[in-house]
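Working notes, beginning with the structure itself.
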Amino acid sequence: MKRFVRLFAELDQTTKTTAKVDALARYFDEAPERDRLWTIALLSGRRPKRTVTTRLLRAWAAERAGLPPWMVEESYPIVGDLAETIALILPEPARDSDMALSEWIDIVRGLARLPEPERREAILDAWDRLPARARFVFNKLITGGFRMGVSQKLMTRALSRSTGIAESDLAHRLMGEWRPETTSFEALIRAPDPVAELSKPYPFYLAYQLDHGPRDLDTPPGEWAGERKWDGIRGQLVLRGGQHFLWSRGEELMTDRFPELARLTDFVPPGTVIDGEVLAWADGRPMTFNALQKRIGRKSVPKKLLSEAPVILCAYDLLEWHGADIRARPFDERRALLDALVADLPDEAPLRASPLLDFADWDALARIRQQSRAHNAEGIMLKRRDAPYRDGRRKGDWWKWKVDPLVIDAVMIYAQQGHGRRANLFTDFTFAVWDGDALVPFTKAYSGLTDAEFRKITCWVRRNTLERYGPVRQVAPEHVFEIAFEGIQESPRHKSGVALRFPRMARWRHDKPPAEANTLTDLKEMLAAYG
């Protein structure tokens with residue numbers, strides 16, 4: 001555990017990529033195999049399940065620290081992190097421990113099988129044996145909110161340096177549905193399971209945003225292929241051994257959620273892997289994301305929903321063909337194979353190729369981009385015709401040129417403090433629009449402002465609080481913010497009747513008084529136009 005805690009501190013104390021890779025590589029060189037395996041799991045989102053509620057943790061910490069519960073509750077929003085709050089208030093440990101990270105994780109996982117009194121004793125015993133920083137890490141393991149400020153790409157780079165295995169090979173081996181409880185470091189890194197290989201997807205290639213349009217590319221339009229950026233769920237369809245597997249970009253297996261795609265095993269040969277977008281589809285065109293969203297999170301889909309929002313895979317790349325990895329081949333070649341595959345399919349096959357756009361120059365592409373919302377798309381994708389299919393987010397070959405977001409001016413009416421490094425600032429706000437003379441809340445947002453703006457609004461909130469409701473403060477309705485968002489949908493759960501996709505604060509409207517903010521009618525008109 002001491003070695004892992006030291007790694008955690010090194011990663012937390014630097015923002016330099018090279019320093020993080022160096023620290024991880026040293027750790028992978030020195031740590032026991034089970035600790036290395038669990039570290040890879042933690043950095044790739046495979047955390048132990050939460051085994052104790054935060055309510056119990058707060059109560060036990062207050063008891064051990066000899067503090068009244070209200071004091072712990074007041075301290076939590078100031079510190080901004082429950083794991084850190086508990087680590088700070090506990091007394092010095094009574095003894096030391098040399099247990100490894102994997103042994104502590106075994107204890108955390110075993111808590112689920114214990115009755116509450118024994119869980120309490122196990123956690124109090126752990127707190128008595130760990131110094132403050134190690135307690136913080138242990139508490140993170142319990143609460144399941146583990147973040148170390150390292151992307152999987154950096155972790156893979158460090159692991160490559162330590163093992164001598166190519167980054168691309170490691171990225172592929174770490175994909176899929178593996179768990180540290182059921183494999184070993186050696187099996188995962190050096191000897192992949194042939195059965196697991198059957199379903200394993202390839203690392204997704206991710207595009208960067210073109211902020212100022214394609215003229216910044218300094219290459220002629222003829223070197224690029226363009227297609228619409230569809231508003232669905234990015235997915236990779238794997239067909240091997242007579243079976244099919246559908247993976248999300250977040251490495252979640254979602255095969256059972258979209259049973260329509262099972263029919264593709266009848267039409268597409270085994271040894272095929274397709275990258276594309278799962279779209280709700282009707283009458284030969286994509287439906288809105290709102291239709292697809294009804295199916296997100298469901299492990300089984302009722303017949304009614306299957307008929308209301310049937311799905312297809314809108315394919316835009318071919319990664320494996322007849323069992324061969326073809327990612328290194330140019331995009332034009334891969335695309336030609338994909339088009340030939342789709343051209344031979346019957347209409348009932350739930351697979352379409354994303355149409356390539358016809359444009360002679362960037363002005364023509366800009367005009368096509370302006371029509372994106374009419375096609376239920378988010379914008380344009382540009383792909384270099386001679387480029388391979390890479391892994392991760394890499395600049396140069398794939399770019400996304402999204403349409404400008406929808407915007408609305410709203411009045412801030414509630415504020416709440418943030419978490420982590422922004423725990424002492426008010427960063428989470430609730431916004432409202434006018435309905436007659438009343439302000440109706442319709443969304444929350446917590447990103448988009450600079451640190452200086454957050455500090456300024458925090459000072460104002462502290463001076464202009466009208467009421468307090470736990471950590472939430474009601475404030476005087478004096479400030480207008482422009483709220484940007486990607487989509488709008490009907491929502492009976494919200495008082496306003498609408499819900500926004502990806503709302504954020506685009507700017508602080510110092511130039512606009514609250515009376516000139518938008519209305520609920522404006523929101524409903526947006527819903528009719530874009531919902």
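Just so we're clear, the structure is a prediction, and the values are computed from it rather than from any experiment.
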Shortest non-hydrogen separation from D35 to L101 and the atoms involved: OD2-N, 3.2 Å
Minimum-distance pair of heavy atoms, taken over all atoms of R36 and A31: NE-O, 3.0 Å
R352 side-chain N/O to A349 backbone N/O, donor-acceptor pair under 3.5 Å: yes
Shortest non-hydrogen contact between A207 and M381, atoms and distance: CB-CE, 3.8 Å
Any F28 side-chain heavy atom under 4.5 Å of T163 side chain: no
Flag side-chain contact, heavy atom, 4.5 Å: R385 against E223: no
Carboxylate-amine/guanidinium proximity below 4.0 Å for D22 and R157: no
More than 12 heavy atoms from other groups under 6.0 Å of OH on Y446: no
Closest heavy-atom pair and its distance - V108, T51: O-OG1, 3.2 Å
Spacing of CG belonging to L527 relative to CD belonging to E490, to within rounding of 0.5 Å: 6.0 Å
Gap separating the CH2 atom of W398 from the OH atom of Y316, nearest 0.5 angstrom: 6.0 Å
P503 versus I483, closest heavy-atom pair with distance: CB-CG2, 4.2 Å
P330 backbone acceptor or donor facing E333 side chain under 3.5 Å: no
Under 3.5 Å: donor-acceptor pair, side chain of S307, backbone of K304: yes
Aromatic ring pairing F481/F429, orientation class (parallel under 30°, perpendicular over 60°, tilted between): parallel
Salt bridge flag under 4.0 Å for residues R394 and D391: yes
Verdict with supporting geometry, I368 and R228, side-chain contact (heavy atoms from CB on, under 4.5 Å): CA-CA 9 Å; I368 295 173; R228 298 201 184 277; 3.7 Å; yes
D522 side-chain N/O to T519 backbone N/O, donor-acceptor pair under 3.5 Å: yes
Any side-chain heavy-atom pair of I408 and T443 under 4.5 Å: no
Where L279 and C314 come nearest, the two heavy atoms and their spacing: CD1-CB, 3.7 Å
Heavy-atom side-chain proximity of L170 to I189 below 4.5 angstrom: yes
Distance (rounded to the nearest 0.5 Å) between L313 CG and H244 NE2: 10.5 Å
Verdict with reasoning, R26 to D29, per salt bridge (Lys or Arg N to Asp or Glu O under 4.0 Å): CA-CA 5 Å; R26 283 194 302 272; D29 285 340; over 6 Å; no
Residues that R285 engages under side-chain contact (heavy atoms from CB on, under 4.5 Å), provided they are two or more places apart: N376
Any Y530 side-chain heavy atom under 4.5 Å of T288 side chain: no
Side chain R390, main chain P388, donor-acceptor under 3.5 Å: no
Polar contact flag, side-chain donor to acceptor under 3.5 angstrom, R493-S491: no
Side-chain (T156) to main-chain (Q152) donor-acceptor, under 3.5 angstrom: yes
Other residues, nucleotides, ligands: >12 heavy atoms within 6.0 Å of D358 CG: no
4.5 Å side-chain heavy-atom contact, R335 and E227: yes
Expected output: side-chain R334 to main-chain R329 donor-acceptor under 3.5 Å: yes
Polar side-chain atom of D409 near backbone of N518 as donor-acceptor pair, under 3.5 Å: no
Donor-acceptor pair, side chain of K200 and main chain of R173, under 3.5 angstrom: yes
Donor on one side chain, acceptor on other, Y202 and E320, under 3.5 Å: yes
Distance, nearest 0.5 Å, that separates CD1 of I274 from CG of D317: 10.0 Å
Gap separating the CH2 atom of W247 from the CG atom of L253, nearest 0.5 angstrom: 4.5 Å
Value rounded to 0.5 Å, distance of CZ in F204 from CZ in R249: 8.5 Å
NZ/NE/NH1/NH2 to OD/OE distance under 4.0 Å, E378 and K400: no
Side chain E260, main chain V311, donor-acceptor under 3.5 Å: yes
Y389 and D275: side chain donor to acceptor below 3.5 Å: yes
Positive for side chain to side chain contact (heavy atoms under 4.5 Å, CB included) with D231, one of R373, E486, E277, R501: R501
Minimum side-chain heavy-atom gap P346-F267 below 4.5 Å: yes
Beyond-backbone contact of I40 with W178, side-chain heavy atoms, under 4.5 angstrom: yes
